[in-house]
Amino acid sequence: MLILEDSANMRRILTPLLRSFGFEAFHYATNSQMALGLLRKGGIDLSIVDWPMKAQGGIDFARMVRAEKTSPDPYLPIILLSGFTDPERMRIARNMGVNEILAKPFSPEALYGRLTSIVRQPRPFFETGSYFEPDRRTGTAGVAVPYRRRRDKRWLSARKSHIA
Amino acid sequence: MSLSSQHRIIRPAKRLHFKARDSDLSVSQTMAKAHRVMAAIAKIYAQWLSADLEALSAIQENLHAAPNDAGGKRELFRIAHEIKGQAGGFGYRPVAEIAASLCQYLEKIETLGSVQMKIIDAHIDAMRAYLERSGEGGAGDRGTVARLAVMITRAGTA
């Protein structure tokens with residue numbers, strides 16, 4: 001487990017919490033270059049990164065992992081912890097290829113949920129010439145959901161017959 | 001070549017799935033364990049918060065002397081942002097709300113003058129006062145954020 005987080009307090013919160021979930025080995029970085037160096041050494045299967053307060057934070061790391069040709073692990077699962085939840089920053093995070101986003105402050109349940117989703121239902125990746133990132137859609141992996149949209153006439157009719 | 005023939009869907013190996021050991025604990029037992037961890041941190045969080053507020057006060061003092069120090073303003077934002085992201089999880093929700101208000105305000109203003117410093121001071125004082133009161137077992141002042149918002153509006157930057 002790689003934790004890219006420049007806040008010592010947040011590292012002190014995350015480590016025992018993740019340990020209580022059963023994670024054992026932790027690698028810490030305070031900037032993206034350091035994190036990439038640790039990733040190159042191997043033995044990292046998952047990363048939790050923060051929204052950058054300075055240059056070379058989690059978003060920079062996600063970009064390097066997903067987009068650089070020399071990336072040691074383009075499929076590395078990345079969970080972004082962020083105190084910013086505005087749509088623009090969330091769009092940037094998705095564009096940089098983070099798998100999951102978790103707003104701070106977070107509950108143990110929320111963190112556990114993101115981790116479980118990454119372990120049990122890892123998102124597939126889409127790749128075109130200029131685009132490479134995890135599938136942004138949620139809730140459909142391995143589950144038959146015939147009519148997801150409320151505007152879908154079939155959904156409305158199914159709901160109507162259910163109520164009747 | 002059409003776009004559909006150019007794109008690829010890749011399903012990476014479920015490496016974590018294979019590595020994850022089946023725990024002897026149920027999900028509810030795991031959550032109970034995690035909540036015990038959070039409760040242990042909550043017991044010492046007041047010390048962390050106090051240290052963060054001290055750091056904020058030191059920067060605040062420097063900014064009064066040199067209001068155009070961009071580094072000082074950035075550091076003020078960084079610490080306030082950290083408080084915003086942590087305090088709510090450990091029983092200091094009003095402090096997190098005040099810190100969020102400070103972050104929002106710092107993002108809006110470009111220069112620091114006496115009016116802006118007054119608003120920054122009010123935020124830091126409010127957080128400090130809440131921490132002192134909560135140490136004495138007092139209730140939080142939920143109206144503080146609203147009062148700070150009025151102050152910001154009157155200053156003309158909201």
Side-chain angles (χ1 to χ4, degrees), chain A residues 1 5-10 12-24 45-46 50-54 73-77 81-86 99 103-113 115-116 118-132 134-135 141, chain B residues 1 3-25 27-38 40-42 44-45 47-49 51-52 74-75 77-90 92-93 96 99-100 103-104 107:
Chain A
M1 164 78 77
E5 170 65 73
D6 63 356
S7 157
N9 285 355
M10 193 46 82
R12 281 189 273 178
I13 294 167
L14 281 171
T15 307
L17 197 54
L18 291 165
R19 217 167 250 146
S20 75
F21 296 156
F23 289 90
E24 285 165 358
D45 294 310
L46 178 62
D50 69 333
W51 181 274
M53 294 304 294
K54 299 170 186 165
D73 186 356
Y75 305 112
L76 178 78
L81 293 182
S82 178
F84 301 103
T85 49
D86 53 289
N99 298 66
K104 291 182 197 171
F106 54 84
S107 65
E109 285 82 1
L111 179 59
Y112 189 77
L115 291 163
T116 307
I118 278 182
V119 172
R120 294 199 181 147
Q121 294 184 327
R123 294 170 192 245
F125 280 71
F126 284 113
E127 185 182 38
T128 67
S130 58
Y131 180 95
F132 175 70
D135 186 353
Chain B
M1 200 190 293
L3 181 66
S4 60
S5 65
Q6 287 173 338
H7 91 272
R8 235 169 23 122
I9 297 173
I10 304 158
R11 295 185 188 279
K14 288 186 173 181
R15 52 186 174 181
L16 280 163
H17 189 76
F18 294 120
K19 282 192 178 182
R21 285 180 302 143
D22 282 334
S23 170
D24 296 334
L25 302 177
V27 174
S28 60
Q29 285 171 322
T30 304
M31 283 304 118
K33 204 173 160 189
H35 279 286
R36 282 198 294 275
V37 167
M38 294 297 269
I41 296 171
I44 53 167
Y45 182 72
Q47 293 165 29
W48 299 4
L49 182 57
D52 281 342
R74 266 200 306 274
E75 191 59 8
F77 181 86
R78 190 190 67 75
I79 298 172
H81 193 261
E82 193 165 329
I83 294 171
K84 174 193 157 198
Q86 293 168 9
F90 300 106
Y92 292 89
R93 198 182 169 87
C103 286
Q104 221 172 2
E107 276 194 308

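Predicted, not measured: the structure shown is a model, and the values here were computed from it. Just so it is clear: chains get the letters A, B, ... in the order the sequence lines come, proteins before strands, and each one is counted from 1.
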Please flag which part of P74(A) lies under 4.5 Å from any non-hydrogen atom of chain B: side chain, backbone, both or neither.
-> neither

L76(A) versus chain B, heavy atoms under 4.5 Å apart: side chain, backbone, both or neither?
-> both

What part of D73(A) is in contact with chain B, defined as an atom under 4.5 angstrom from a non-hydrogen atom: side chain, backbone, both or neither?
-> side chain

In terms of heavy-atom contacts, P124(A) and R11(B) come closest through CG-NH1, 3.6 Å

Quick one: closest heavy-atom pair of V37(B) and S20(A), and the distance?
-> CG2-CB, 4.0 Å

Could you tell me which residues satisfy ring pair (Phe, Tyr, Trp, His ring centres under 6.0 Å) with F125(A), sequence neighbours excluded, listed by chain and number?
-> Y75(A), F132(A)

Counting only heavy atoms closer than 4.5 Å, note whether I41(B) contacts chain A via side chain, backbone, both or neither.
-> side chain

Counting heavy-atom pairs under 4.5 Å with chain A, the top scorer among P12(B), G89(B), G88(B) is P12(B)

Can you sort out the partners of S7(A) under side-chain hydrogen bond (donor to acceptor under 3.5 Å, both in side chains), two or more places apart, ordered by chain and number?
-> E82(B), Q86(B)

Might you point out which heavy atoms bring P108(A) and A34(B) nearest each other, and give the distance in Å?
-> CB-CB, 3.7 Å

Which one of E109(A), R19(A), M10(A), K104(A) has the most heavy-atom pairs closer than 4.5 Å to chain B?
-> E109(A)

At their closest point, which heavy atom of M38(B) faces which heavy atom of F106(A), and how far apart are they?
-> CE-O, 4.2 Å

Applying a strict 4.5 Å limit to non-hydrogen atoms, the region of F90(B) in contact with chain A is side chain

Interatomic distance, L17(A) atom CG to K33(B) atom NZ [nearest 0.5 angstrom] = 11.0 Å

Is it the side chain or the backbone of E107(B) that comes within 4.5 Å of chain A heavy atoms, both, or neither?
-> side chain

